[in-house]
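A quick note: this is a predicted structure, and the numbers were derived from the prediction, not measured. First the proteins, then the strands, lettered A, B, ... as listed; each starts at 1.
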Number of protein chains: 2
Amino acid sequence: MSVAGKAPELTRNQALVHGALVRADGPLSAYEVLDRLREQGFKAPLQVYRALDKLVAFGLVHRLESLNAFVACSHAEGETEEPAAFAICDSCGGVTEFADARITGDLKAWAETDRFSLTGMTIELRGLCAACQTG
Amino acid sequence: MSVAGKAPELTRNQALVHGALVRADGPLSAYEVLDRLREQGFKAPLQVYRALDKLVAFGLVHRLESLNAFVACSHAEGETEEPAAFAICDSCGGVTEFADARITGDLKAWAETDRFSLTGMTIELRGLCAACQTG
DNA sequence: TTACGCTATGTAATAGTATAACATTACAGT
DNA sequence: ACTGTAATGTTATACTATTACATAGCGTAA
């Protein structure tokens with residue numbers, strides 16, 4: 001449920017944080033991002049958190065609440081912005097982002113019925129991805 | 001997605017933590033629980049976290065990932081155990097627990113299709129409850 | 001130009017959340 | 001009694017996030 005306008009111009013810090021997340025193969029905690037950007041001059045958590053706040057607001061990054069970590073959005077710029085859902089593999093740590101209009105539609109319908117004014121939703125699945133299942 | 005057997009017997013610490021959450025009118029952080037149990041002899045966070053782990057496993061307590069807090073389950077004992085979803089009011093902090101078979105069914109169906117072996121799900125809505133909306 | 005407002009930044013200190021490690025106790029089953 | 005398992009107590013530490021305050025850049029209206 002991002003408020004993403006069109007492609008925003010990123011500041012230097014925002015671009016560095018976004019780049020670190022894009023290069024990562026999975027979610028990173030804010031402190032992991034910090035460690036990867038020390039060579040670029042990052043010194044304090046707040047530099048990361050401030051950039052993350054903006055990137056999340058732009059819809060370029062998602063926060064995974066159940067992991068206290070962040071991932072780059074896997075959708076192309078300007079693409080349809082159903083609120084995202086995530087499947088997190090407890091074995092390999094991989095995250096699959098998906099957007100299912102039926103699911104979010106059902107949640108919106110529930111909110112409507114309950115007169116709950118919806119501003120955001122968190123949908124995170126836990127389990128094992130196909131590759132990490134033995135059988 | 002609790003593994004709740006039938007009504008488990010709680011240890012003293014578990015019962016105290018559960019009681020604190022039941023008495024609370026909303027979610028409590030682990031440290032808030034700790035503060036409320038100091039008179040009962042609680043001294044360290046681990047006493048709370050260990051009890052919470054069990055209570056969550058029993059299905060008697062839910063963890064709200066987007067709040068880093070815990071609430072007592074609002075269902076009667078032994079009641080049907082669809083994975084719970086939550087609507088969290090950003091104004092009053094109130095939490096409404098609901099279970100919608102269509103929503104969880106759709107998520108299970110997505111997992112099935114993606115060969116994702118599901119062990120748990122987090123569904124949390126944010127916004128304003130009916131009472132907190134002005135107009 | 002200067003003055004103002006707004007956003008972004010740098011830095012240090014602190015608050016809040018969660019776990020590791022180790023010692024001890026309780027109790028059921030053999 | 002011996003063993004295995006679960007629960008507990010306690011200290012220390014790790015991890016996550018924000019407050020507070022100082023500084024710098026930039027656009028715009030006077």
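In this structure, CD of B/Gln47 is placed 16 Å from C1' of D/dA6, rounded to the nearest angstrom. Atoms CD (B/Glu32) and C1' (C/dA15) sit 13 Å apart, rounded to a whole Å. Distance CG (B/Leu64) to P (C/dG16): 19 Å, rounded to an integer number of Å. Whole-Å rounding puts the A/Asn13 CG to D/dA24 C1' distance at 13 Å. The CG atom of B/Leu10 sits 15 Å away from the C1' atom of D/dA6 (whole-angstrom rounding). Whole-Å rounding puts the A/Arg12 CZ to C/dT7 C1' distance at 17 Å. In this structure, A/Glu65 places its CD atom 13 Å from C1' of D/dA17, rounding to the nearest Å. Atom NZ in B/Lys43 sits about 9 Å away from atom P in D/dG9, given to the nearest Å.
Position along DNA chain C of the nearest nucleotide to B/Leu67 versus B/Leu46 favours B/Leu67 as the more 5'-ward residue. The residue among B/Arg50 and B/Asn68 whose nearest nucleotide of DNA chain D is located toward the 5' end is B/Arg50. When each of B/Pro45 and B/Gln14 is assigned the nucleotide of DNA chain D with its nearest heavy atom, B/Gln14 is the one assigned upstream, toward the 5' end.
Side-chain atoms of B/Tyr31 and base atoms of C/dA15 include no donor and acceptor less than 3.5 Å apart.
Across all their heavy atoms, B/Pro83 and B/Thr104 have their closest contact at O-CG2, 3.7 Å.
By the stacking rule of 5.5 Å between ring centres and under 30° between planes, A/Tyr49 does not stack on the base of D/dT18.
Residue pairs meeting the ring pair (Phe, Tyr, Trp, His ring centres under 6.0 Å) criterion with at least one member in residues 108-134 of chain A, sequence neighbours excluded: A/Trp110-B/Phe98.
Here B/His62 and B/Phe86 bring their ring centres to under 6.0 angstrom of each other.
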Give the intermediate values and the outcome of side-chain contact (heavy atoms from CB on, under 4.5 Å) for residues A/Lys54 and A/Val61.
CA-CA 9 Å; A/Lys54 291 295 184 181; A/Val61 164; over 6 Å; no
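Within the 4.0 Å cut-off from OP1 or OP2 of D/dA6, not a single side-chain nitrogen or oxygen of B/Thr11 is found. Remark: A/Lys54 is in phosphate contact with C/dA8, judged by side-chain N or O atoms under 4.0 Å from OP1 or OP2.
Which of D/dT8, D/dA17, C/dA18 sits closest to the side chain of A/Ala30 comes down to D/dA17.
Using a cutoff of 4.0 Å between basic side-chain nitrogens and carboxylate oxygens, B/Arg63 and B/Glu65 are scored as salt-bridged.
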